[in-house]
Amino acid sequence: NNAVASTSKEASESAMWALSQGGNAADAYLTAALTQTVVEHGLTSLGGGFSITYFDAATGEINSVVGPLGPAAAEPYDFDRKSPLTQTGRAMPVPGFLSGVHAAHKQFGKLKWDQLFGPAIQYANEGFAAGPLLVSAASSKAARFEDGKALWMKDGRFLRPGETLVQQELGRTLQRMSAEGPEYFY
């Protein structure tokens, strides 16, 4: 028997789906994390970092993979949030989420790369019931931009918790990442 826990029903269902496809715990975690980029932008983001600590029951080994949020490889500085440089546009960090997911998949995963994206793409393209935390976080920022209004406004008003949020542009991006790998993103 399998069990998973996450901060959203959709991510937990996605993890259980990965297990039902023959995936292992790492596949379940990665599938859930990718789904969270759709259903919980503020908690898990393609624009952020990534980490996993994985216990392999067969070998008894514990390993970690980190996809840090930090400077581009060509930049000569260390990314430190307390540094005065990080307060300038010069210190714009490069997201490590997708490179971390890819590295973890290569090291621990059993499913194919594109399988990990299936539930996230489906939720983005077909929609899901937007939770109150997501709607609240988006309402303070999304209406300031035309793209945000197009996504979050429905019948001249802001989307309400429980209403369906469809993100087809994000679905297309996730589809390309699943087909082309992290190179598409970077």
- Note on the structure: Closest non-hydrogen atoms of I121 and Q175, given as atom of the first, atom of the second and distance, are CD1-OE1, 3.4 Å
- Worked check of side-chain contact (heavy atoms from CB on, under 4.5 Å) between F108 and V65: CA-CA 10 Å; F108 311 125; V65 171; 3.7 Å; yes
- Message: Checking A15 now: which residues fulfil side-chain contact (heavy atoms from CB on, under 4.5 Å) with it, not counting sequence neighbours?
- Response: V4, A28, A32
- Tracing side-chain contacts under 4.5 Å among Ile, Leu, Val, Met, Phe, Trp and Tyr outward from V166 reaches none
- Task: Scan for ring-ring contact (aromatic ring centres under 6.0 Å, His included) pairs involving residues 166-186, sequence neighbours excluded, and state none if there are none.
- Result: none
- Task: Only counting residues at least two apart or in another chain, list the ones meeting salt bridge (Lys or Arg N to Asp or Glu O under 4.0 Å) with K154.
- Result: none
- Query: Looking at residues at least two apart in the chain, or sitting in another chain, which of them share a salt bridge (Lys or Arg N to Asp or Glu O under 4.0 Å) with R160?
  - Reply: none
- Task: Measure from the side-chain N and O atoms of T31 to the backbone N and O of D27, and report whether any donor-acceptor pair falls under 3.5 Å.
- Result: yes
- Does the S99 side chain pair with the main chain of G96, one donor and one acceptor, at a distance under 3.5 Å? yes
- Query: How far does CZ of R172 sit from CG of N125, to the nearest 0.5 angstrom?
  - Reply: 8.0 Å
- Contacts of F128 meeting ring-ring contact (aromatic ring centres under 6.0 Å, His included) (sequence neighbours excluded), chain-then-number -> none
- Note on the structure: Sorted by chain and residue number, the salt bridge (Lys or Arg N to Asp or Glu O under 4.0 Å) partners of R157 (sequence neighbours excluded) come out as E163
- How many angstroms lie between atom NZ of K141 and atom NE2 of H41, to the nearest 0.5 angstrom? 12.5 Å
- Message: Assigning hydrophobic clusters by single linkage (Ile, Leu, Val, Met, Phe, Trp, Tyr; side-chain heavy-atom cutoff under 4.5 Å), is M153 placed with V135?
- Response: yes
- Query: Of all heavy-atom pairs between D56 and A58, which one has the smallest distance, and what is that distance?
  - Reply: OD1-N, 2.9 Å
- Applying salt bridge (Lys or Arg N to Asp or Glu O under 4.0 Å), name anything that partners E13, two or more places apart in sequence or on another chain. K9
- Task: Any chance you could measure E180, atom CD, to R176, atom CZ, to the nearest 0.5 Å?
- Result: 4.0 Å
- Message: Rounded at 0.5 Å granularity, tell me how far CG in L116 sits from CG in L174.
- Response: 11.5 Å
- Query: With H102, which residues qualify under ring-ring contact (aromatic ring centres under 6.0 Å, His included), at least two apart?
  - Reply: W113
- Evaluation steps, side-chain contact (heavy atoms from CB on, under 4.5 Å), between F97 and L34: CA-CA 10 Å; F97 178 83; L34 288 163; 3.9 Å; yes
- Minimum-distance pair of heavy atoms, taken over all atoms of T164 and E126: CG2-O, 4.2 Å
Could you pull out all donor-acceptor pairs under 3.5 Å where a side-chain atom in residues 42-53 meets a protein atom, sequence neighbours excluded?
residue, atom, partner, partner atom, Å
T44, OG1, Q36, OE1, 3.4
S45, OG, G47, N, 2.9
T53, OG1, S64, OG, 3.1

- Message: Run L170 and V38 through side-chain contact (heavy atoms from CB on, under 4.5 Å) and show every step you take.
- Response: CA-CA 8 Å; L170 177 57; V38 175; 3.9 Å; yes
- Task: Could you list all the ring-ring contact (aromatic ring centres under 6.0 Å, His included) pairs where at least one residue sits in residues 147-171, not counting sequence neighbours?
- Result: W152-F158
- Would you indicate whether Q107, at its atom CD, is surrounded by more than 12 heavy atoms from other residues, nucleotides or ligands within a distance under 6.0 Å? yes
- Rounded to the nearest 0.5 Å, how far apart are CZ of F55 and CD1 of I62? 6.5 Å
- Task: Not counting sequence neighbours, which residues clear side-chain contact (heavy atoms from CB on, under 4.5 Å) with Q115? List them please.
- Result: W17, Q21, L111, K112
- Query: Got L165 and L134 here, is their nearest side-chain heavy-atom distance under 4.5 Å?
  - Reply: yes
- Quick one: pull up CD in E169 and CG in L151 and give me the separation to the nearest 0.5 Å. 9.0 Å
